[in-house]
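Structure record follows, encoded as structure tokens.
The first residue in the sequence is number 1, and the count goes up from there. Small disclaimer: the values here were computed from a predicted structure and weren't measured.
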Amino acid sequence: MEHLASGSCLCGAVRFRLSGTFESFFLCHCSRCRKDTGSAHAANLFSSGASINWLAGEDKVKTFTLPHTRHAKSFCTDCGSALPTVQMEGRLLVVPAGSLDSEPTLAPTAHICCADRARWTDGMDAAPKFDGLPR
């Protein structure tokens, strides 16, 4: 992703604009990412050079860092949506792919921490697929 991208939380209270290049897009299956997303994996873009400009609601962004780890998550205090976070003393921008208002231009580069994956995800491709809610 080398151009401007925008994003927001679910309730719209927080809005942001990104500029720069993202080096990787990881789908992380570790237990920590599963816990903080409530899903099978986290989907995050990583950049050592991109920047974020908060357009609205920066005061509603809270960051939780799991003690004694590098695991951090930022979220909207109104709706709980995952939001970008700056980590490693400002050297790394981590952006949840789902927080973007459009599709990322970078395809996922890797599934990581697969040894720690939820076993219920094995064979998920065989589950029926619906374009909307099942009837």
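- With rounding to the nearest 0.5 Å, the separation of OG1 in Thr63 from CZ in Phe75 is 7.5 Å.
- Other members of a hydrophobic cluster containing Leu55 are absent, since no ILVMFWY side chain comes under 4.5 Å of it, directly or through relayed contacts.
- Counting only heavy atoms from C-beta outward, the side chains of Leu106 and Thr21 never approach each other to under 4.5 Å.
- The nearest pair of heavy atoms linking Thr69 to Thr65 is O-CG2, 4.0 Å.
- Within the 3.5 Å criterion, the main-chain N or O of Phe25 finds a donor-acceptor partner in the side chain of Thr109.
- Closest approach of Ala82 to Lys73, counting heavy atoms only: CB-CE, 4.2 Å.
- Closest approach of Cys76 to Leu83, counting heavy atoms only: N-CD1, 3.4 Å.
- Taking NZ of Lys62 as the start and OG1 of Thr85 as the end, the distance is 12.5 Å to the nearest 0.5 Å.
- With values rounded to the nearest 0.5 angstrom, Glu23 atom CD is found 3.5 Å from Ser48 atom OG.
- Across Ala40 and Trp120, no two heavy atoms sit closer than the pair CB-CH2, 3.8 Å.
- The shortest distance between side-chain heavy atoms of Leu92 and Val86 does not fall below 4.5 Å.
- Taking the side-chain contact (heavy atoms from CB on, under 4.5 Å) definition, one finds that Ala50 meets it with Phe22, Ser47, Leu93, sequence neighbours left out.
- Panel note: side chain Arg119, backbone Arg117; a donor-acceptor pair is recorded below 3.5 Å.
- Distance check, rounded to the nearest 0.5 Å: NZ of Lys35 to OG1 of Thr37 gives 10.5 Å.
- Between the side chain of Asp116 and the backbone N or O of Ser31, at least one donor-acceptor pair lies under 3.5 Å.
- Ser8 is linked by a side chain to side chain donor-acceptor pair (under 3.5 Å) to Asp101, counting only residues two or more places apart in sequence or in another chain.
- Put simply, the side chain of Ser99 reaches to within 4.5 Å of the side chain of Phe16, judged on heavy atoms.
- In this structure, Ala13 and Asp78 approach most closely via the heavy-atom pair CB-OD2, 3.9 Å.
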- prompt: When you look at Val94 and Leu45, which way does the side chain to side chain contact (heavy atoms under 4.5 Å, CB included) test go after all the steps?
  reply: CA-CA 6 Å; Val94 180; Leu45 297 142; over 6 Å; no
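- Contact of the Cys114 side chain with the His29 side chain is registered, since non-hydrogen atoms from C-beta on lie closer than 4.5 Å.
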- prompt: Could you walk me through whether Asn44 and Val95 pass the side chain to side chain contact (heavy atoms under 4.5 Å, CB included) check?
  reply: CA-CA 5 Å; Asn44 290 306; Val95 178; over 6 Å; no
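- Using cut-offs of 30° and 60° on the angle between ring planes, the pair Phe46 and Phe26 is tilted.
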task: Decide side chain to side chain contact (heavy atoms under 4.5 Å, CB included) for Arg15 and Ser6; before the verdict, give the C-alpha distance in whole Å, the side-chain angles of both, and the deciding distance to 0.1 Å.
output: CA-CA 7 Å; Arg15 292 182 295 111; Ser6 61; over 6 Å; no
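- Residue Cys9 comes nearest to Ser81 through the heavy atom pair CB-CB, 3.7 Å, listed as atom of the first residue, atom of the second, then distance.
- The backbone N or O of Lys60 lies less than 3.5 Å from a partner atom in the side chain of Thr77, making a donor-acceptor pair.
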field: Check against side chain to side chain contact (heavy atoms under 4.5 Å, CB included), His71 and Cys33
entry: CA-CA 8 Å; His71 189 90; Cys33 284; 3.7 Å; yes
